[in-house]
Q: 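A single structure is presented below for examination.
Chain A is the first sequence line, chain B the second, and so forth, proteins listed ahead of strands; every chain is numbered from 1.
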Amino acid sequence: MLTHPLLPKRYQVLRASWGVFHCHLFPRSPKIISPACLCQISTLSTTNLIQDYIRDGNINDARKLFDENPASCNTVAWNSMITGHIRHNQMQSALELFDRMPVRDVVSWNTMMSGFNKTNDPHKLHQLFSQMNRAGERPNQFTFSTMLSGFLNSFDVLVPQLHGLILHIGLHSNIFVGSALMRGYTHLRDRYSLCRVFDDILTKDISTWNALLVGYTDLGFLTEAQITFDTMPEVNIISWTTLVNGYIKNKKINQARHMFDKMPQKNVVSWTTMIKGYVQQENYTNAIQLFISMLNSNTHPNHFTFSTLLDACAGCSMFLLGNQLHSCILKSGLCQELVLSTALIDMYTKNGDIKSAFTVFESMKAKNTVSWNSIIGGCAMHGLAKRALSEFKKMTENGVNPDHVTYINVLSACVHGGLVEEGEWHFHSMVERYGIKPEMKHYTCMVDLYGKAGEVDKAVRLVKEMPFEPDAGVWGALLAGCGLHSCYEVANGLENLGKDYSSIYNMLIKINGEKGAWGRVIEMRDGVMERGGKKQKAGSRIEFSLGVS
DNA sequence: CTAGGGTTAG
């Protein structure tokens, strides 16, 4: 039974020393091994083999062995097989095995849960948890930490509930459960419970302390975070990076840089964090300088670093650097990273090179909502309205669900192409077909669409129907339409016009000026000046990218 | 065989 074509070399050795193996396991057994013993040995070795294969990433041989020896597979073998499928993102196969396994233990349930956690499917996770309880399986510390991390963005409310169960079972002192709970309470922005859970963990390790640091920085308690950092029994590179990132998240870029410079050592993550900080502040010069220092310190950039830098290139039109980064990405073998391709598409469209954007887009093997959004948005930005709509059609045909950003892009494509009917159709279908409620931006697009097309009445009606108070964008779009089609009366007759926005007054002034209503113009201009309004400065992207401005 | 802490895209 131990002879098998799939047995790797080290097991051939085991087979050769069969006697030793036999004596070691069953020292008192007769020379001729009974069938029951053989079966036991076989199960042990099959399970070990499957585990070895999976550890080596060899899912196919593992599955072959598994399928060909059903009698030698115990629950551990089944669980290992499920783990293997999950590691290879084969959730369907994992689920299929889980459904037909003869005996499930707590590990089987936990493994499936971690799978759904990986695929970001909190509903399935939730479902599995109740099934598990119905089946009479008792959740353990693994179950709770998986559940807690899976529920962070969807079932936040369940965090205290799970906490109750955890206290009941007595698992609150487990470091894994504890740090998962701390993350949960950080999401709930509950500082008191965060500290409470931290105190309940009797033997804290460095991850526990780091979780507290994350909690404090996320909630904006920078002083507490700094004190924690200074009093921690030990700090590692993760603690340092957490603190730097904490200052960045709270817009204290200089303090972040101060800590960053004090770091005893830096890795890709810490460099990327600091670079991202500067990109967020639109301080692209420092971001690039830091990137160069990073390369000089012999730290290799990863896909996080590249996407951050591409974001910078998109932000300030550094076309050359963007191109160079694309070459680096191709060389580094990271070009199939979904996020990177999406960042590349965005960089190309914002630098005016829609053709390259399409090249990247078409080279992608897997596309998600964000990637489709970036190409549709790119088409819209380049005035390719029809193309944007046809890409949208392809997206839905490919089974990728649109979201609210998709519709902002689709509607703005309609605006650029003057496609009123199509725009109306999509505006309605977003709720009816996908249940996406239109937000302010969607209304802005529609107002813009009607305004540009000269249907100012429809635009006004839409503004009145809107479920929220219009912002500067909506008023701006409406007034732009009025200006374009000389609707002087409509513009001046608007009630509740956004009086707090000086840009709105500037547009009104322009409309009145064109009509020759100078009295009103002067009156409004004085009003704007009294409020301390300034004339908007014009800027050029070219000047910006040359560093002139 | 299953679980925790720091960086990414529209």
Q: Does B/dA3 have its OP1 or OP2 closer than 4.0 Å to a side-chain nitrogen or oxygen of A/Lys118?
A: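 For B/dA3, OP1/OP2 do not have a side-chain N/O of A/Lys118 under 4.0 Å.
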Q: B/dG5 base to A/Asp205 side chain: any donor-acceptor pair below 3.5 Å?
A: no
Q: Just compare B/dT2, B/dG4, B/dT7 and give me whichever is closest to any side-chain atom of A/Asn245.
A: B/dT7
Q: Give a yes or no on this: more than 12 heavy atoms of other residues, nucleotides or ligands lie within 6.0 Å of atom CZ of A/Arg196.
A: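 For A/Arg196, atom CZ is not crowded (no more than 12 foreign heavy atoms under 6.0 Å).
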Q: Verify the distance criterion only: is there a donor paired with an acceptor across the side chains of A/Asn250 and A/Thr217 at less than 3.5 Å?
A: no
Q: Answer with yes or no after comparing the ring centroid distance for A/Trp209 and A/Phe198 against a 6.0 Å cut-off, counting only values under it.
A: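 Ring centres of A/Phe198 and A/Trp209 closer than 6.0 Å.
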Q: Within this structure, what is the CE-to-P distance between A/Met294 and B/dT8, rounded to whole angstrom?
A: 14 Å
Q: So, A/Asn79 and A/Ser108: side-chain donor and acceptor under 3.5 Å apart, yes or no?
A: yes
Q: Does a side chain donor of either A/His258 or A/Tyr247 reach within less than 3.5 Å of an acceptor in the other side chain?
A: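 No - no donor-acceptor pair under 3.5 Å links their side chains.
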Q: Please confirm whether any donor atom in the side chain of A/Thr241 sits under 3.5 Å from an acceptor in the base of B/dG6, or the reverse.
A: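 Such a pair exists between side chain and base.
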Q: Has A/Arg100 got more than 12 heavy atoms of other residues, nucleotides or ligands less than 6.0 Å from its CZ?
A: yes
Q: OP1 or OP2 of B/dT2 sitting under 4.0 Å from any side-chain N/O of A/Arg87?
A: yes
Q: From the list B/dG5, B/dG6, B/dA3, which nucleotide is the closest neighbour of the side chain of A/Ile206?
A: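 The closest nucleotide is B/dG5.
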Q: Would you say A/Arg183 reaches B/dG5's phosphate, i.e. side-chain N/O to OP1/OP2 under 4.0 Å?
A: yes
Q: Report yes or no: is the ring centroid of A/Phe176 under 5.5 Å from the six-membered base ring centroid of B/dA3, with the two planes under 30 degrees?
A: yes
Q: With no hydrogens and no angle check, just 3.5 Å: does a side-chain donor-acceptor pair link A/Arg257 and A/Tyr278?
A: yes
Q: Rounded to the nearest Å, what distance is computed from the CG atom of residue A/Leu97 to the C1' atom of nucleotide B/dT2?
A: 16 Å
Q: Distance check needed: B/dC1 P versus A/Asn48 CG, whole Å only.
A: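 Distance check: A/Asn48 CG to B/dC1 P gives 9 Å.
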Q: Between B/dC1 atom P and A/Asn74 atom CG, what is the distance in whole Å?
A: 12 Å
Q: Between B/dT8, B/dG6, B/dG5, spot the one nearest the side chain of A/Ser270, thanks.
A: B/dG6
Q: Of the nucleotides B/dT2, B/dT8, B/dG5, which one has an atom closest to the side chain of A/Lys276?
A: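 The answer is B/dT8, which lies nearest to the side chain.
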Q: From the options B/dA9, B/dC1, B/dT7, select the nucleotide whose nearest atom is closest to the side chain of A/Val76.
A: B/dC1
Q: Rounded to whole angstroms, how far apart are CZ on A/Phe98 and C1' on B/dC1?
A: 14 Å
Q: Which part of the nucleic acid, if any, lies within reach of A/Asp403 when heavy atoms closer than 4.0 Å are counted: base, sugar-phosphate only, or nothing?
A: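 It contacts base atoms.
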Q: Hey, does A/Asn236 reach any base, or is it just sugar-phosphate, or nothing, if we go heavy atoms under 4.0 Å?
A: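 Touches a base.
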Q: Heavy atoms under 4.0 Å, any strand shown: does A/Thr369 hit a base, just sugar-phosphate, or nothing?
A: base
Q: Taking DNA chain B as the partner, which of residues 137-149 of chain A come within under 4.0 angstrom of it by heavy atom?
A: A/Gln141, A/Phe142, A/Ser145, A/Thr146
